[in-house]
Amino acid sequence: MKATRQLYRAALLAGLFVLAVVLAAATLMWVTEADGSGGGWSAAGRIFVLLLLTLAGAGGAYLVIAGCYTRYVNGPLRMAEDLAAVTTHSGLRLPEPATPELRALGQAANQLLAARDALERDVAERVREARASLEEERSRLAALMADLSQSVVVCNLDGRVLLYNQRAKQELSAGPDGSNGELLGLGRSIYTVFDRALIEHALERLQSASRDADGEAGVDRKKLLGSAQFVTATRAGRLLRAHMSPVLGSDGQPGAQVGDLSVTGFVLVLDDVTSTNERHARRDALIQSLIEGGRGPLGSLRAAAEMLSDFSDMPAQQRDRFLGVIRDEASVLSTQFETAAAAFSNDLRERWLLEEILGAELVEVAARRIAERGNAGQHKLAVKSEQIDEGLWLRVDSFGLLQALSYLALRLQDEYEVREVRLSLQRSGHLAQLDLYWTGTFLNNEAAMIWLQDPMNIGGESSPLSVVDVIERCNGEIWFQRERVSHRAFFRTMLPAAEAPKDLPRAIVSAAEGERPEF
Amino acid sequence: MSKKILIADDEQNIVISIEFLLRREGFEVLVAGDGEEALAKVRAEKPDLVLLDVMMPKMNGFDVCQALRADPELSATRILMLTAKGRDTEVSKGLGLGADGYMTKPFSTKELLAEVRKLLET
């Protein structure tokens, strides 16, 4: 409103100025007009005076425009420079502008600067508080990890170590002779410590188990977090049970999405189970020797005793034979018992912990792995799975079992040019029947037996274990069989079926859902 | 004509009882102390039934069973496996390879006899 009034005043003044100039010129023309007496000004004189008046008018106009320029153009330009200078530092303010119009603008700019300074102080305070909180949580985490009897290692998906505790460093860096090889360190690869294939297999299982479960029956939360377990040995010969859990973030690889997050790395919690295992192995060996070693003598004892009681009319010589059997077997049993008791402290049989795995998942991974490796060669190998019992759980060494299946399938491809193998998994009572079968190509029993007992070699990677070793480790049996009528041949593996684990998968509590993560 | 039964077991003490029992029941009994001998005697004597121990020297019972089932001339021979290994997977393997029955030691001689009679009747 004020600006409009000033505009009207300026227009009025400009009008008055033009009017004054016009009036002055008209007056001059009238006063100096030539009359009949020849008086008045000459034409040259009047032009001169008009010129003077014009110059005076132009001078006046210049003074007015110069004043306006200083006031309305230079003023804002100077103010813009001042503003640019004060915005680079906190606490500075614009100087008071000379004109009332710019004064209001300057005050508004100063208010904005003050608001900005207040926000900066607020942000700085929040950052300080967040740092303090982070530091506190770090200290808690460090204290927790330092006190843990387990080794903890955090890695990204490439296997680079991001975090570990001292226990992990001591355990994983120790060499066979007790020397410290400094294998574990920030930024180093976990694969210098563990077998790459083993970790990748666990990671694959972890990624396939971590998923969105929206719509799945019996799941309370929409996001599920998988985990994987495996057993491995350190360079120092200690046996570790590893529990792998995913680390979720927003920049993980595609394919392992859990809600808006994806798997960006993993945490390994390692338990030294050497002594526990030794204890279990000793107990198992004792039980095994008493059960299997005792069955034969007990069978002979029972049969001899039953013969003596059922056929009391037998000749004396025959009776003495049976009594001799009873004496012999009683003696054998006593010796076995003593031997078992004595061996209890010495028999350190290697023992592997088994994990529950959904059978269908194992078959799917096996089919994928066989196909990947089988298709690398000149002749392609097709893998199909059929008759899969989707609800069947197994308790096996899944890594070893996958190696065994891959080894057999690839050997069929390499040596017998088999183009297609099929996998099936069915329940058979309380056992699981896992078949790897094919049609048409002849394989004799002797060759099959050698395959099962040879150390496995898959694509140049050799294992000290044979297929039979792996299957026995899983408490199973494997054999080769042919069906003449259908021209089918198969390796059949019978494995103990397992109960579905109750604690997997578990729901996650993540900061992304607005809840505070807990260590 | 009495039925012929081969006992293939390297444990002499159990063989004594089973042989005595089966002879008393009127069967003709043969004995083999290892897997290879068992296979040879089956081929030579063509018994009606083989009582086959799993853990034997030279050739185990599973292999003998598989060899018998692979030979069309001998495939009619009844096989009853006797073993000190009682795991379900091993029982399953024996039956999968073609055994007609499976008994785990220690067994009752009456049950053994009943099983033998059942297999010879079928």
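Note on residues 398-408 of chain A: no pairs pass salt bridge (Lys or Arg N to Asp or Glu O under 4.0 Å), not counting sequence neighbours. The side chain to side chain donor-acceptor pair (under 3.5 Å) analysis of residues 56-74 of chain B, with sequence neighbours excluded, yields the pairs B/R69-B/D100. Residues in residues 8-19 of chain B take part in these side chain to side chain donor-acceptor pair (under 3.5 Å) pairs, two or more places apart or across chains: A/E329-B/N13, B/D9-B/K105, B/E19-B/R23.
If you measure heavy-atom distances from A/D310 to chain B, the contacts under 4.5 Å come from the side chain alone. Contact of A/I478 with chain B is made through the backbone alone, with heavy-atom distances under 4.5 Å.
Note that CZ of B/F20 is 5.0 Å distant from CZ of A/F322, once rounded to the nearest 0.5 Å. Interatomic distance, A/M314 CE to B/R24 CZ, rounded to the nearest 0.5 Å: 7.0 Å. Between A/Q481 atom CD and B/L97 atom CG the span is 5.5 Å, to the nearest 0.5 Å.
In terms of modelled atom types and a separation under 3.5 Å, the side chain of A/E306 and the main chain of B/T109 share a donor-acceptor contact.
Residues A/R302 and B/F107 share a closest heavy-atom pair of CD-O, 3.5 Å. Taking both residues in full, the closest heavy atoms of B/A84 and A/G296 are given as CB-N, 4.1 Å, listed atom of the first, atom of the second, then distance. Across B/I14 and A/A303, no two heavy atoms sit closer than the pair CD1-CB, 3.9 Å.
Between chain B and the residues A/G299, A/G476, A/S300, the largest count of heavy-atom pairs under 4.5 Å involves A/S300.
The environment of B/K118 atom NZ is sparse: at most 12 non-hydrogen atoms of other residues, nucleotides or ligands sit within 6.0 angstrom.
The stretch residues 425-434 of chain A places A/H430, A/L431 near chain B, each with some heavy atom under 4.5 Å from a heavy atom of that chain.
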